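Each remark here refers to the structure printed beneath this line.
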Amino acid sequence: MRASAIVSSVFAVLATVLSTAAQAPAPSAPPGFETLFVGSFDVGPYATIEGGLGTRVRVTSNGGTFYNASTGSKVATAFATADYGRLSTTGTFFPDVIFPLQWTVDDKFAYLHATGVGSFVTYDLVYIHLETDSEKYKALNDRFLIGNISATSESSSSIVVTIFAAT
């Protein structure tokens, strides 16, 4: 009799633990973001390399300008560059872009590396890793940044880059 009571108690405890463990936790609130910068770039012709995972796309940029999204004032000059992305066999584009730039306020340099997913010549959502030694902007080294890279039109030779920081 005593053994059956112990077994019943163990099963009751296990049932409680398992039913609690099976319940999904409440989701976190979505992150908030503030718009920091918006930039415009002139892009040149692109070249492609066909591969087994899709097409590597090389896009050249003749440089551009970043502006403070709140005030509209110029904050940086972006240098000419050329980078690759991959256009998968399913049509999804995976950009991999480096924006070297120079801050207007102190002439210090910054390295921005953007990787993400999107639609070639239309819209890309990217994670941005930023490194700089600028006193004014070095706090961005430790911030989570994302960006939106979009063409002004499908036939356009310019793109717009908007950078957001998690709040």
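Everything quoted here is computed from the prediction, not taken from an experiment.
The main-chain N or O of Tyr123 is never found under 3.5 Å from a side-chain atom of Ser119 such that the two would form a donor-acceptor pair. Within the 3.5 Å criterion, the main-chain N or O of Ala166 finds a donor-acceptor partner in the side chain of Arg143. Checked by atom type and distance alone, the side chain of Ser157 never pairs as donor or acceptor with a backbone atom of Val43 at under 3.5 Å. Judged by distance alone, the side chain of Arg86 and the main-chain N or O of Leu53 form a donor-acceptor pair under 3.5 Å.
Closest approach of Leu87 and Val57 over heavy atoms only: CB-CG2, 4.2 Å. Scanning both residues, Pro100 and Thr81, for their nearest heavy atoms gives CD-CB, 4.2 Å. Closest approach of Ala82 to Arg58, counting heavy atoms only: CB-NH2, 3.4 Å. The minimum heavy-atom distance between Phe93 and Phe120, with the atom names listed, is CB-N, 3.4 Å. Contact detail for Gly118 and Asp124: the closest heavy-atom pair is CA-OD1, 3.4 Å. A pairwise comparison of heavy atoms in Trp103 and Thr132 identifies NE1-OG1, 2.9 Å as the closest pair.
Evaluated for a side-chain contact (heavy atoms from CB on, under 4.5 Å) with Phe164, the options Phe33, Phe37, Phe144 yield exactly one hit, Phe33.
Within the model, atoms CZ of Phe99 and CG of Leu130 stand 11.5 Å from one another, a figure rounded to the nearest 0.5 Å. A distance of 9.0 Å separates CD1 of Ile128 from OG1 of Thr115, quoted to the nearest 0.5 Å. Taking OG1 of Thr122 as the reference point, atom CD1 of Ile159 lies at 12.5 Å (rounded to 0.5 Å). Taking CG of Leu125 as the reference point, atom OG of Ser150 lies at 11.0 Å (rounded to 0.5 Å). Atoms OG and CD1, on Ser61 and Ile98 in that order, are 13.0 Å from each other to the nearest 0.5 Å. For the atom pair CG of Leu112 and CD1 of Ile163, the computed distance is 5.0 Å after rounding to the nearest 0.5 Å.
Val117 and Ile149 are members of different hydrophobic clusters when ILVMFWY side chains are connected at heavy-atom separations under 4.5 Å. Note on Tyr67 and Val160: same hydrophobic cluster, where clusters join Ile, Leu, Val, Met, Phe, Trp and Tyr whose side-chain heavy atoms are under 4.5 Å apart, directly or indirectly.
Put simply, the side chain of Lys108 does not reach to within 4.5 Å of the side chain of Tyr137, judged on heavy atoms. Between Val38 and Thr162 there is a side-chain heavy-atom pair separated by less than 4.5 Å. At least one side-chain heavy atom of Tyr84 sits less than 4.5 Å from a side-chain heavy atom of Ile49.
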### Message
I'd like to know whether His113 forms a side chain to side chain contact (heavy atoms under 4.5 Å, CB included) with Asp96, so could you lay out the CA-CA distance, the side-chain angles of the two residues, the decisive distance to 0.1 Å, and finally the verdict.
### Response
CA-CA 7 Å; His113 185 188; Asp96 191 355; 2.5 Å; yes
### Query
Yes or no on ring-ring contact (aromatic ring centres under 6.0 Å, His included) for Phe66 and Phe41, after CA distance, side-chain angles and deciding distance?
CA-CA 9 Å; Phe66 274 108; Phe41 297 82; 5.4 Å; yes
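The pair Lys138-Glu131 fails the salt-bridge criterion, with no side-chain N (NZ, NE, NH1 or NH2) lying under 4.0 Å from an Asp/Glu carboxylate O.
Enclosure of atom CD in Glu34 by more than 12 non-hydrogen atoms of other residues, nucleotides or ligands within 6.0 angstrom is indicated.
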